[in-house]
2 protein chains.
Amino acid sequence: MDFDILPELVGFHLRRAQVSVFNRFGRVIARAGVTPGQFGILVLIGANSGLTQSSLAKAAGVERSTMVATIDTLERKKLTERSPSPVDRRSYALILTPEGKSLLTKLKRAVREHEKRILRDFNPEEKDKLMEFLYRIWSAG
Amino acid sequence: MDFDILPELVGFHLRRAQVSVFNRFGRVIARAGVTPGQFGILVLIGANSGLTQSSLAKAAGVERSTMVATIDTLERKKLTERSPSPVDRRSYALILTPEGKSLLTKLKRAVREHEKRILRDFNPEEKDKLMEFLYRIWSAG
DNA sequence: TATTGTTATACTCTATAACTATA
DNA sequence: TATAGTTATAGAGTATAACAATA
């Protein structure tokens with residue numbers, strides 16, 4: 001198969017690497033019943049307890065309406081809760097349940113292991129360079 | 001907003017950079033009525049004229065059944081054709097129409113311009129390093 | 001008037017399983 | 001028996017537009 005110009009394109013390599021990493025990460029955490037996207041949401045709620053769905057949606061880069069089903073799913077799994085906001089009766093203060101906190105701790109360990117495997121033949125300087133390159137591509141967007 | 005461990009994860013930066021690049025690329029070629037995925041398919045057909053849907057699906061990393069609708073779409077746009085295979089009556093020989101060839105030439109120019117913009121503050125050594133890193137991540141998967 | 005969460009709806013991308021016609 | 005293309009179907013993931021409650 002001739003891939004023509006594709007192997008010269010950073011977009012091609014970027015997508016192929018990202019799909020590969022996401023698939024592997026997805027398999028690792030599927031055992032815990034969550035997806036890579038849900039992991040990200042749990043991290044954000046864990047580190048910003050009491051935030052609203054709107055600010056969470058903005059941080060995750062999706063619409064408010066999209067976040068509704070995401071939070072519904074996490075609530076059904078008993079990982080998060082919509083607690084009433086003390087200051088604004090329109091909104092909820094999102095928090096992790098004890099089970100959510102406990103699972104998040106385990107997931108963070110799993111993701112660190114996964115990252116080590118991804119970067120197992122990168123030395124520390126290469127890892128720094130990679131992170132810097134990816135950050136520069138994103139921030140130029 | 002506290003992103004906690006996310007900015008330490010290569011998976012996070014990889015995804016964020018890829019989404020950013022794909023969105024920008026998508027806007028560039030949307031004027032021509034095609035998506036990034038369809039661009040990739042056009043490149044593969046262009047460089048491997050007469051290939052079958054099955055081999056194309058395998059190269060693109062999707063199921064045969066998924067490729068049906070993709071080719072239907074490109075055919076509706078008059079960019080590709082299912083011509084009869086001279087050797088196997090079960091399969092088609094996929095080819096670009098003259099319009100498909102002409103559009104692909106323009107799209108390749110657009111993607112090269114787009115790549116230049118993405119990498120505008122990468123020097124040649126950095127670009128090589130980036131491509132190498134992404135290739136290593138994918139090939140280790 | 002503006003914002004928060006929600007619903008209804010639709011569209012894209014993907015997979016699995018079963019079918020048909022060929023090989 | 002096995003393979004190429006297809007269909008039916010389902011499930012993520014996403015967006016837009018409109019709505020009620022509240023600010």
Side-chain angles (χ1 to χ4, degrees), chain A residues 1 15-16 18-20 22-23 25-27 29-30 33-42 44-45 48 50-77 80-95, chain B residues 1 15-16 18-20 22-23 25-27 29-30 33-42 44-45 48 50-77 80-95:
Chain A
M1 183 66 55
R15 174 154 178 83
R16 207 169 55 157
Q18 192 263 314
V19 167
S20 165
F22 248 54
N23 284 345
F25 180 46
R27 282 192 293 271
I29 63 173
V34 299
T35 65
Q38 289 165 3
F39 167 74
I41 300 302
L42 289 176
L44 291 175
I45 298 177
N48 302 275
L51 85 174
T52 65
Q53 280 186 207
S54 288
S55 58
L56 179 56
K58 191 169 183 183
V62 298
E63 286 297 312
R64 289 186 340 273
S65 61
T66 303
M67 191 53 68
V68 176
T70 305
I71 299 299
D72 285 349
T73 301
L74 293 174
E75 225 169 27
R76 237 178 292 118
K77 293 179 200 290
T80 66
E81 256 182 46
R82 289 172 165 107
S83 81
S85 165
V87 294
D88 186 339
R89 283 190 299 164
R90 289 174 306 182
S91 65
Y92 295 120
L94 298 174
I95 55 174
Chain B
M1 183 66 56
R15 174 154 178 83
R16 207 168 55 157
Q18 192 263 314
V19 168
S20 165
F22 248 53
N23 283 345
F25 180 46
R27 283 192 292 272
I29 63 174
V34 300
T35 66
Q38 289 165 3
F39 166 74
I41 299 301
L42 290 176
L44 290 176
I45 298 176
N48 302 275
L51 86 174
T52 65
Q53 281 186 205
S54 289
S55 57
L56 179 56
K58 191 168 184 184
V62 298
E63 285 297 313
R64 288 182 347 268
S65 62
T66 301
M67 191 54 68
V68 176
T70 305
I71 300 300
D72 284 349
T73 301
L74 293 174
E75 224 169 26
R76 237 178 292 117
K77 293 179 200 290
T80 66
E81 256 182 46
R82 289 173 165 106
S83 82
S85 164
V87 293
D88 186 338
R89 283 190 299 165
R90 290 174 305 180
S91 65
Y92 295 119
L94 298 173
I95 55 174

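Proteins come first, then strands; the chains are lettered A, B, ... in the order of their sequence lines, and each starts at number 1.
- For the segment residues 56-63 of chain B, no residue has any heavy atom less than 4.0 angstrom from an atom of DNA chain D.
- One can place CG of A:Asp72 at 7 Å from P of C:dT6, the figure rounded to the nearest angstrom.
- Residues B:Lys77 and B:Gln38 meet the side-chain proximity criterion, which asks for heavy atoms closer than 4.5 Å.
- Regarding A:Arg76, its CZ atom lies at a distance of 13 Å from the C1' atom of D:dA12, rounded to whole Å.
- Computed from coordinates, the B:Gln53 CD to D:dG5 P distance equals 5 Å when rounded to whole Å.
- Residues passing the ring pair (Phe, Tyr, Trp, His ring centres under 6.0 Å) test with B:Phe25, sequence neighbours excluded: B:Phe39, B:His114.
- Closest of all the heavy-atom pairs between A:Met67 and A:Val62 is CE-CG2, 3.7 Å.
- Scored by the ring pair (Phe, Tyr, Trp, His ring centres under 6.0 Å) test, A:Phe22 finds no partners at all (sequence neighbours excluded).
- Atom CG in A:Asn23 sits about 13 Å away from atom C1' in C:dA15, given to the nearest Å.
- Of the residues in residues 33-42 of chain B, none lies under 4.0 Å from DNA chain C by heavy-atom distance.
- Taking 4.0 angstrom as the limit, B:Arg64 places none of its side-chain polar atoms (N or O) nearer than this to OP1 or OP2 of C:dC19.
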Go through B:Leu51 and B:Ile45 one step at a time and tell me if the side chain to side chain contact (heavy atoms under 4.5 Å, CB included) criterion holds.
CA-CA 7 Å; B:Leu51 86 174; B:Ile45 298 176; 4.1 Å; yes
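- From A:Arg82, atom CZ reaches atom CG of A:Asp72 across 4.5 Å, with rounding to the nearest 0.5 Å.
- Within a heavy-atom distance below 4.0 Å of DNA chain C, the residues of residues 86-93 of chain B found are B:Asp88, B:Arg89, B:Arg90.
- The OH atom of B:Tyr92 sits 11.0 Å away from the OG atom of B:Ser85 when rounded to the nearest 0.5 Å.
- Residue B:Thr52 is classed as a sugar-phosphate contact, given heavy-atom separations below 4.0 Å to backbone atoms only.
- Distance, B:Ile71 CD1 to D:dT7 P: 14 Å, rounded to whole Å.
- Panel note: side chain A:Ser20, backbone A:Arg16; no donor-acceptor pair is recorded below 3.5 Å.
- Counting atom types as modelled, A:Ser65 pairs a side-chain N or O with a base atom of D:dT16 as donor and acceptor under 3.5 Å.
- To the nearest angstrom, P of D:dG5 lies 12 Å from CD of B:Glu75.
- Each of A:Ile41, A:Asn48, A:Leu56 was checked for a side chain to side chain contact (heavy atoms under 4.5 Å, CB included) with A:Leu94, and the lone residue meeting it is A:Leu56.
- For B:Ser54, the side chain to side chain contact (heavy atoms under 4.5 Å, CB included) test picks out B:Thr52, B:Arg64, with sequence neighbours left out.
- At the phosphate of D:dG13, neither OP1 nor OP2 sits under 4.0 Å from any side-chain N or O atom of A:Thr66.
- When the nucleotides D:dG5, D:dT14, C:dG5 are ranked by their closest atom to the side chain of B:Arg15, D:dT14 comes out on top.
- In this structure, OG in B:Ser55 is found 9.5 Å from CD in B:Gln53, a value given to the nearest 0.5 Å.
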